[in-house]
Q: 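Below is one structure. I have some questions about it.
For ligands, and for the atoms within them, numbers begin at 1 and follow the listed sequence. By convention here, the first residue in the shown sequence is residue 1. All values below come from the heavy atoms of this structure, side chains included, with hydrogens, waters and symmetry mates left out.
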Amino acid sequence: MTIDTCDFKGKKVIVRVDFNVPLDENGKITDDTRIRGALPTLKKVLADGGALIIMSHMGKPKGKVNAKFSLSQIVDAVSEKLGVKVQFAPDCAKAADAAAALKSGDVLLLENLRFYPEEEGKPVGIDKADPAYDEAKKAMKESQKKFAATLASYADIYINDAFGTAHRKHASTAVIADSFDADHKMLGYLMEKEVQAVDNVLSNIKRPFTAIMGGSKVSTKIGIIENLMDKVDNLILCGGMTYTFAKAMGGKIGTSICEDDKLDLALDIMAKAKAKGVNLVLGTDCVAGDAFSNDANQQIVPANDIPDGWEGMDAGPETRKLFAAAIEDAKTILWNGPAGVFEFDNFTGGSRAIAEAIAKATANGAFSLIGGGDSVACINKFGMADKVSYISTGGGALLEAIEGKVLPGIAAIKG
Ligand code: AMP
């Protein structure tokens, strides 16, 4: 069953969304992207004549009630966006009566699921080293099943539209799905879009395929780099991680960020790329700064000959041209991680050049997926969000999907 083919008329539908929105100190929402992301699914259920039970987590209350993370703070915003006065259930595990009373068109928002440790299913107050830990974990898994069954009992149909937590096997994102048969559980529109976007870069690839991996550390990206190596034509490596490569090849990198224990790994990646016929694109020059600061003095130097006391902080002009050439002809593009310290306005040039090349390729018909917190922040900083094909809403979930891992939230529905 899919959300498009399902008729929700007269049904109670429990939807897991990601309403983990940032709030300011007065509890006001500072970015409502996540709420807007879930609206198509929520509106489809209401338009069909269903009743909605919405559930989400917010922040990390660690299994305890904490007013700072109460979803009551967003009831008005959700009401306004849905055009329906949203009811609130102050205890997500004791909402049976409120759910039973819902009529077609009604909406009930449950309090933060993570006020219960059962949501995440991790035993609390016991250390992993404790001999009793395994027993505690087993007991917690049992109570997690009960918690999930309670949530499931509120509704006829379950929809998961929370891509941001799809890589977690939590009560509301995966375990709950066991209570519904295949005709009564489905992905929401946002999830469907994310799954499609990942499929476009992992399976349904139009060539050439250029992946751009940046950011500070090669160690955190290695799983993705290895999985992509079998798929891409061009692999651009940029940002802080590339100084580990420069050093591994015998270059001088000054005070640039470097993972000294990953020099062999860098050489191994280069050898693998060669063996697989992947065009590995590394920068040739960089913008070096004499301090880790926006106001640092700058000079353009070879990426493998950075003077002592200077650090590589952005891609240089020659490198930007190399990157753009490998991006502009591509028909599939994936970008994760900036080419420099983009948070400093004086070191955004490399990341901006990448964003511009992606925009150009997209205008020429390429599919471009931008994912992972920092590249999304880059695209937004440059005001170019509407010039790429898809911006993923799920940082960790997207990265795990691209690593080729099965996401529990999706597997629970699709099998
Ligand atoms: P990551 O979390 O690994 O995706 O890395 C993102 C971070 O890498 C951003 O905060 C960037 O500022 C940082 N970054 C990118 N290039 C460099 C660089 N050359 N030196 C230090 N940090 C960098």
Side-chain angles (χ1 to χ4, degrees), residues 164 167 211-228 235-248 251-262 265-266 269 281-320 322-323 334-355 369-382 391-403:
H167 57 319
I212 307 127
M213 300 300 303
S216 56
K217 291 180 175 171
V218 62
S219 53
T220 56
K221 304 282 161 84
I222 183 64
I224 300 170
I225 292 176
E226 291 202 323
N227 195 35
L228 287 174
L235 177 61
I236 296 176
L237 297 181
C238 58
M241 70 157 88
T242 52
Y243 302 100
T244 302
F245 287 77
K247 185 164 176 181
K252 260 186 71 189
I253 60 164
T255 51
S256 304
I257 184 171
C258 179
E259 290 175 280
D260 281 320
D261 58 339
K262 296 288 177 291
L265 178 69
I269 289 173
V281 187
L282 280 160
T284 51
D285 60 351
C286 68
V287 182
D290 62 356
F292 191 74
S293 141
N294 187 44
D295 305 320
N297 292 307
Q298 296 189 2
Q299 60 170 323
I300 312 290
V301 294
N304 61 359
D305 193 13
I306 302 174
D308 291 342
W310 291 73
E311 64 180 299
M313 288 170 69
D314 196 9
E318 213 181 84
T319 298
R320 294 176 201 178
L322 278 179
F323 289 177
L334 168 70
W335 182 22
N336 170 259
V341 190
F342 79 100
E343 296 92 336
F344 296 153
D345 288 346
N346 293 334
F347 294 92
T348 55
S351 302
R352 188 183 287 274
I354 288 173
L369 167 58
I370 318 297
D374 280 322
S375 12
V376 175
C378 264
I379 281 282
N380 288 333
K381 179 166 180 156
F382 305 147
I391 298 185
S392 175
T393 58
L398 179 81
L399 299 187
E400 289 200 14
I402 295 171
E403 272 187 53

Q: Using heavy atoms and a 4.0 Å limit, tell me yes or no: is K221 in contact with ligand 1?
A: yes
Q: With a cut-off of 4.0 Å, which atoms of ligand 1 are near a heavy atom of K217?
A: 3 (O)
Q: At their closest point, which heavy atom of D374 faces which heavy atom of P338, and how far apart are they?
A: CB-CD, 3.7 Å
Q: Do I269 and V218 have side chains that get closer than 4.5 Å, going by heavy atoms?
A: yes
Q: Against ligand 1, does Y243 come closer than 4.0 Å with any heavy atom?
A: yes
Q: Let's go through F323 and I212 carefully: what are the C-alpha distance in whole Å and the side-chain angles of both, what is the deciding distance for side chain to side chain contact (heavy atoms under 4.5 Å, CB included) to 0.1 Å, and is it a yes or a no?
A: CA-CA 9 Å; F323 289 177; I212 307 127; 5.9 Å; no
Q: I need the nearest protein heavy-atom contact for atom 17 (C) of ligand 1: residue, atom name and distance, please.
A: G240 N, 3.3 Å
Q: Which heavy atom in T319 sits nearest to a heavy atom in T284, and how many Å separate them?
A: OG1-N, 2.9 Å
Q: Considering heavy atoms of the protein only, find what lies nearest to atom 7 (C) of ligand 1 and give residue, atom and distance to 0.1 Å.
A: D374 OD2, 3.7 Å
Q: Would you mind listing which atoms of ligand 1 come within a distance below 4.0 Å of any non-hydrogen atom of G239?
A: 16 (N)
Q: If you define the side chain from C-beta out and look only at heavy atoms, does anything of I225 sit under 4.5 Å from L237?
A: yes
Q: What protein heavy atom is closest to atom 20 (N) of ligand 1, reported as residue, atom name and distance in Å?
A: I257 CG2, 3.6 Å
Q: Tell me, do L235 and M213 make a side-chain contact under 4.5 Å, heavy atoms counted?
A: yes
Q: Can you see which heavy atom on G337 is nearest to which on S375, and at what distance?
A: N-OG, 2.9 Å
Q: Does any part of the side chain of K252, heavy atoms only, come nearer than 4.5 Å to the side chain of D308, both counted from C-beta?
A: yes
Q: To the nearest 0.1 Å, how far is atom 13 (C) of ligand 1 from its closest protein heavy atom, and which atom is that?
A: S216 CB, 4.1 Å
Q: So which protein heavy atom does atom 14 (N) of ligand 1 come closest to, and at what separation?
A: G340 O, 3.9 Å
Q: Which residue holds the protein heavy atom closest to atom 22 (N) of ligand 1, what is that atom called, and what is the gap in Å?
A: V341 CG2, 3.7 Å
Q: Identify, for atom 19 (N) of ligand 1, the protein heavy atom at the shortest distance, and state residue, atom and that distance.
A: G312 O, 2.9 Å
Q: What part of E311, side chain, backbone, both or neither, has a heavy atom within less than 4.0 angstrom of ligand 1?
A: neither
Q: In ligand 1, which numbered atoms sit nearer than 4.0 Å to a non-hydrogen atom of G215?
A: 1 (P), 3 (O), 4 (O), 5 (O), 6 (C), 8 (O)
Q: Can you tell me which portion of E343 lies within the under-4.0 Å heavy-atom range of ligand 1? Options are side chain, backbone, both, or neither.
A: side chain
Q: One thing to verify: whether D345 and R352 come together as a salt bridge, which I'm taking to mean a side-chain N less than 4.0 angstrom from a carboxylate O.
A: no
